[in-house]
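Every chain is numbered from 1, with letters handed out A, B, ... down the list of sequences.
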Amino acid sequence: MPELPEVEVTRRSVVNDITGARIQHLQMGKPLRWPLGIEPQKLQGQTVLGVRRRGKYLLFDLDGGLLLVHLGMSGSLAFFANNAKPPGPHDHFDLGTDKGLLRLHDPRRFGAAVWAASEQDPVAQKLLGHLGVEPLGPDFNVKDFHAGLKTRSAPIKQVLLAGDLVVGVGNIYASETLFLAGIRPTTRAKKISRPRAEKLYKAIIEVLNKALGQGGSTLRNFSNVRGEAGHFQVLANVYDRAGQPCRVCATPIRGLVQGQRSSYFCPTCQKP
DNA sequence: ATTCTCACCTGCGGGC
DNA sequence: TGCCCGCAGGTGAGAA
């Protein structure tokens with residue numbers, strides 16, 4: 001489910017609720033992708049200092065360490081200021097605090113909550129160390145982006161998804177940004193010229209910001225911590241629109257599979 | 001070093 | 001109605 005916009009929407013919707021909260025209890029459900037890595041009771045009494053985002057990870061800064069949360073494919077967070085229901089069969093991580101209960105709901109359990117002493121902790125570095133630049137941050141620039149593309153022979157769609165050049169672009173927004181840039185998903189990254197790299201660079205920023213403004217995309221069940229869905233999906237130009245007419249030129253959108261992930265493109269608007 | 005494939009897990013929609 | 005299949009917003013590990 002969640003790509004950068006959804007994770008950032010989640011962060012923004014929870015940061016005021018959780019910042020300053022003192023952890024009172026922690027309850028785990030079924031195992032998630034990775035173990036928490038600490039005895040849950042050792043988090044009791046710690047205070048949440050803030051919530052940051054790195055790629056698709058949420059970083060809860062505690063006064064005694066760091067809690068990394070990933071939403072996987074089907075995860076979402078909910079915050080209950082009071083009277084939360086008991087955890088359901090897909091609620092696998094409950095963080096009870098004096099300000100309310102933060103709950104990770106994740107049917108497929110590809111998500112995770114991982115404790116690390118700090119960002120330099122090997123546990124954190126294993127997850128964050130290889131991540132590329134933040135596309136909505138000050139370090140994202142055309143020059144470095146194009147230089148990075150030049151070193152990769154893989155199809156551009158898969159380079160975007162890999163997250164080691166630029167983070168946060170997942171399966172929906174990869175197809176959408178490539179449509180906006182007029183580049184086919186199969187185009188080899190190193191073949192992309194500087195002008196086209198610049199179009200793609202701008203498209204990434206534009207698409208992610210637009211999705212943020214729509215509260216993200218809700219295909220099945222994504223919502224922010226107040227249970228509100230996103231609306232970007234209805235604005236998608238190509239994602240999940242195989243066979244439907246391109247919104248620009250009416251050519252039927254094509255679908256294909258790359259690296260076991262579906263891609264979508266307009267054969268007229270997007271050039272190899 | 002980079003690229004590719006697999007694995008993890010559950011639910012849902014489509015076709016028969 | 002019910003079963004089976006394929007597919008779903010991610011990503012680390014291991015192989016090639």
*Find the distance A:Arg109:CZ to B:dC9:C1' and express it as a whole number of Å.*
6 Å
*Along nucleotides 11-16 of chain C, 5' to 3', which nucleotides get a B, which get an S, and which get a -, given that the test is a protein heavy-atom distance under 4.0 Å?*
BBS---
*Spacing of the P atoms in C:dC3 and B:dC9 (rounded, Å)*: 24 Å
*Give a yes or no on whether the backbone of A:Val51 and the side-chain of A:Arg11 come within a donor-acceptor separation of less than 3.5 Å.*
yes
*asked:* How many whole angstroms separate atom CG of A:Leu160 from atom P of B:dT3?
replied: 13 Å
*Non-hydrogen atoms of A:Ser74 and A:Arg108 that approach each other most closely*: OG-N, 2.9 Å
*Check the surroundings of atom NZ in A:Lys150: do more than 12 heavy atoms from other residues, nucleotides or ligands lie under 6.0 Å from it?*
yes
*Atom P, compared across C:dG6 and B:dC6: separation rounded to whole Å*: 14 Å
*Determine whether A:Pro252 and A:Pro245 make a side-chain contact, defined as any pair of heavy atoms from C-beta on separated by less than 4.5 Å.*
no
*asked:* Nearest to the side chain of A:Pro155, heavy atoms from C-beta on, is which of B:dC4, B:dC6, B:dT2?
replied: B:dC4
*Is the shortest side-chain N/O distance from A:Ser153 to OP1 or OP2 of B:dA1 below 4.0 Å?*
no
*Choose from B:dG11, B:dT3, C:dG9 the nucleotide whose nearest atom is closest to any side-chain atom of A:Ala154.*
B:dT3
_Rounded interatomic separation in angstrom, taking CG from A:Leu77 and P from C:dG9_ = 20 Å
*For A:Asp240 and B:dC12, give me the distance from atom CG to atom P, rounded to whole Å.*
17 Å
*asked:* Whole angstroms only, please: what is the CG-C1' distance between A:Asp106 and B:dT10?
replied: 10 Å
*asked:* So, taking the atom named CG in A:Leu71 and the one named CG in A:Leu58, what distance separates them when rounded to the nearest 0.5 Å?
replied: 6.0 Å
_Any A:His92 side-chain N or O less than 4.0 Å from OP1/OP2 of B:dC9_ = no
*Hey, does A:Thr151 reach any base, or is it just sugar-phosphate, or nothing, if we go heavy atoms under 4.0 Å?*
nothing
_Using the rule given for side-chain hydrogen bond (donor to acceptor under 3.5 Å, both in side chains), can you reason through A:Asp164 versus A:His130, listing the C-alpha separation, both sets of side-chain angles and the distance that settles it, and then say yes or no?_
CA-CA 6 Å; A:Asp164 49 0; A:His130 61 94; over 6 Å; no
*Ring of A:Phe110 versus six-membered ring of C:dG10: centres under 5.5 Å and planes under 30°?*
yes
*Are side-chain heavy atoms of A:Gln24 and A:Asp98 found at a separation under 4.5 Å?*
yes
*Would you check if A:Arg33 and A:His70 make a side-chain contact, meaning some heavy-atom pair closer than 4.5 Å?*
no
*Give a yes/no answer on whether the side chain of A:Arg152 brings an N or O atom under 4.0 Å of OP1 or OP2 in B:dT3.*
yes
*Mind calculating the distance between CD1 (A:Ile172) and C1' (C:dA8) to the nearest angstrom?*
10 Å
*Do other residues, nucleotides or ligands put more than 12 heavy atoms under 6.0 Å from A:Arg22 CZ?*
no
*asked:* Between P on C:dG9 and CZ on A:Arg108, what's the gap in Å once rounded to a whole number?
replied: 8 Å
*asked:* Closer than 3.5 angstrom, by distance alone: can the side chain of A:Thr151 be matched with the main-chain N or O of A:Gly148 as a donor-acceptor pair?
replied: yes
*Once you round it to whole Å, what is the distance between P of B:dC12 and CE of A:Met73?*
15 Å
*Starting at the 5' end of DNA chain B, what dot-bracket string do you get if Watson-Crick and G-U pairs under 3.5 Å are bracketed, crossing pairs use [ ], other-strand pairs use | and unpaired bases use dots?*
.|||||||.|||||||
*Under-4.0 Å side-chain N/O to phosphate OP1/OP2 contact, A:Ser262 with C:dC7*: no
